[in-house]
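Worksheet: the structure to be examined is printed underneath.
Per chain, numbering begins at 1; letters A, B, ... match sequence-line order.
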There are 2 protein chains.
Amino acid sequence: MANEMLDDAVRSLRESGVRMTPQRHAILEYLTTGHTHPTADEIYRALEHRFPNMSVATVYNNLRVFREKGIVEEMNYGDASSRFDFVTTRHYHMICEGCGKIVDFNYPVLDDVETVAAHLTGFKVDRHRLEVYGTCPDCQSNVH
Amino acid sequence: MANEMLDDAVRSLRESGVRMTPQRHAILEYLTTGHTHPTADEIYRALEHRFPNMSVATVYNNLRVFREKGIVEEMNYGDASSRFDFVTTRHYHMICEGCGKIVDFNYPVLDDVETVAAHLTGFKVDRHRLEVYGTCPDCQSNVH
DNA sequence: TATTAGATTGTAATCTTTATAATTAGTCTA
DNA sequence: TAGACTAATTATAAAGATTACAATCTAATA
């Protein structure tokens, strides 16, 4: 369940000395309850009715903390603002060029690419990122 | 040679009704002469001595045109500004998390990922993008 | 060469993100 | 449980990247 993910995240943050505030908890809760790839602004707007005094900076600060702790992944796509994704199992992203919709899909992890890239470039490889772009079913049928 | 790439680009743009201005030509020239993955601002600063009156908007406008025509690829990495890459042969990018350096490397095109992703999501696939992140040799030896 | 639509310029505006200082509030310990 | 310590939040300003827009200019075409 989402609750487990949330509890795990809270525990792991606590263990590394990160304090748990109501705002921070709410952002984590938002990310673990079906809201995938939101922007910072979307999170802010979703929570401002519960925290009328919350600052946008708080959202950004927390997202940075979560990213540094490996709890969320930050992604820059074509559009202006970053999107944030709660890290669960390894997955890749399919992105619609028509409407911007993002859908996760699973695929065997491309370890080989990392090995080859390390060999060719001399870099010490840390991670990789793969995105597929195309047109979602809705946008395909909306062509007129 | 770079000249061929440049000539091809100019021809293909002309054929699709894009006018060739000195500024536009200079931007293309810059992109085809060994300057890989520059930001819009880097292009602007590199050319402003030749075109003292050139506007930043011109650089952005042209990069958008080139992107729409498939002549350059736009990439958003962790840093603030987009980077632009002249499209030649298919290659992927290795990015240093220490200093931001970007190195191209070749790898068999991941057609299979596109096929699988299309099947799993119902999208019509257009293209994909892969980046590997790590630490470049320089940054590895600069750890102290 | 005259025409015309597209391109450029200059500037303002927008949008996202970060910086900063003051205030507030978790967490730890006595 | 109170007090202290320090991190987190808030509010606001600032920075930086990109876009919008109106006026001017110019490449392409006949």
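- Whole-Å rounding puts the Arg64(B) CZ to dC21(D) P distance at 12 Å.
- Atom pair Glu42(B):CD and dT18(D):C1' shows a separation of 16 Å (rounding to whole Å applied).
- Atom-to-atom, OH of Tyr44(B) to P of dG10(C) comes out at 8 Å; the value is rounded to the nearest Å.
- Atoms NE2 and CG, from His35(B) and Asp85(B) in turn, are 13.0 Å apart once rounded to the nearest 0.5 Å.
- Considering Glu73(A), Glu74(A), Glu131(A), Glu42(A) as possible partners of Arg83(A), the one that fulfils the salt bridge (Lys or Arg N to Asp or Glu O under 4.0 Å) test is Glu42(A).
- Hydrophobic clustering of Ile, Leu, Val, Met, Phe, Trp and Tyr side chains at less than 4.5 Å, counting indirect connections, unites Phe84(A) with Tyr44(A).
- Tyr60(A) has a side-chain polar atom (N or O) that falls below the 4.0 Å cut-off from OP1 or OP2 of dT17(C).
- Note: CZ (Arg83(A)) to P (dT16(C)) measures 10 Å, nearest angstrom.
- One finds a side-chain N or O of Arg14(B) lying less than 4.0 angstrom from the OP1 or OP2 phosphate oxygen of dA28(D).
- Contact check, Ser81(B) against dG16(D): no side-chain N or O comes under 4.0 Å of OP1 or OP2.
- Across the protein-nucleic acid pair, His25(B) atom NE2 and dT8(C) atom P stand 13 Å apart, rounded to whole Å.
- The CG atom of Leu63(B) sits 14 Å away from the P atom of dA7(C) (whole-angstrom rounding).
- Using a cut-off of 4.0 Å between Lys/Arg side-chain N and Asp/Glu carboxylate O, Glu15(A) and Lys69(A) are scored as not salt-bridged.
- Val87(B) and Val65(B) are members of different hydrophobic clusters when ILVMFWY side chains are connected at heavy-atom separations under 4.5 Å.
- Between atom CG of residue Asn62(A) and atom CD1 of residue Ile43(A) there is a gap of 9.5 Å, rounded to the nearest 0.5 Å.
- Of the residues near DNA chain D, Ala40(B) and Met20(B), the one whose nearest nucleotide (by heavy atom distance) lies more toward the 5' end is Ala40(B).
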What's touching nucleotides 8-12 of chain D from the protein side, N or O pairs under 3.5 Å?
{"from": "dA8(D)", "atom 1": "OP1", "to": "Arg24(A)", "atom 2": "NH1", "distance (Å)": "3.0"}
{"from": "dT9(D)", "atom 1": "OP1", "to": "Thr21(A)", "atom 2": "OG1", "distance (Å)": "2.4"}
{"from": "dT9(D)", "atom 1": "OP2", "to": "Asn62(A)", "atom 2": "ND2", "distance (Å)": "3.3"}
{"from": "dT9(D)", "atom 1": "O3'", "to": "Gln23(A)", "atom 2": "NE2", "distance (Å)": "3.0"}
{"from": "dT10(D)", "atom 1": "OP1", "to": "Gln23(A)", "atom 2": "NE2", "distance (Å)": "3.0"}
{"from": "dT10(D)", "atom 1": "OP2", "to": "Ser55(A)", "atom 2": "N", "distance (Å)": "3.1"}
{"from": "dT10(D)", "atom 1": "OP2", "to": "Thr58(A)", "atom 2": "OG1", "distance (Å)": "2.6"}
{"from": "dT10(D)", "atom 1": "O5'", "to": "Asn53(A)", "atom 2": "O", "distance (Å)": "3.2"}
{"from": "dA11(D)", "atom 1": "OP2", "to": "Asn53(A)", "atom 2": "O", "distance (Å)": "2.8"}
{"from": "dA11(D)", "atom 1": "N7", "to": "Ser55(A)", "atom 2": "OG", "distance (Å)": "3.2"}

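- If you take CZ of Arg67(A) and P of dT18(C), they are 7 Å apart, rounded to a whole angstrom.
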Do any side-chain atoms of residues 115-122 of chain B form donor-acceptor pairs under 3.5 angstrom with protein atoms, and if so which ones, sequence neighbours left out?
{"from": "Thr115(B)", "atom 1": "OG1", "to": "Asp111(B)", "atom 2": "O", "distance (Å)": "3.2"}
{"from": "Thr121(B)", "atom 1": "OG1", "to": "Ala117(B)", "atom 2": "O", "distance (Å)": "2.7"}
{"from": "Thr121(B)", "atom 1": "OG1", "to": "Phe123(B)", "atom 2": "N", "distance (Å)": "3.2"}

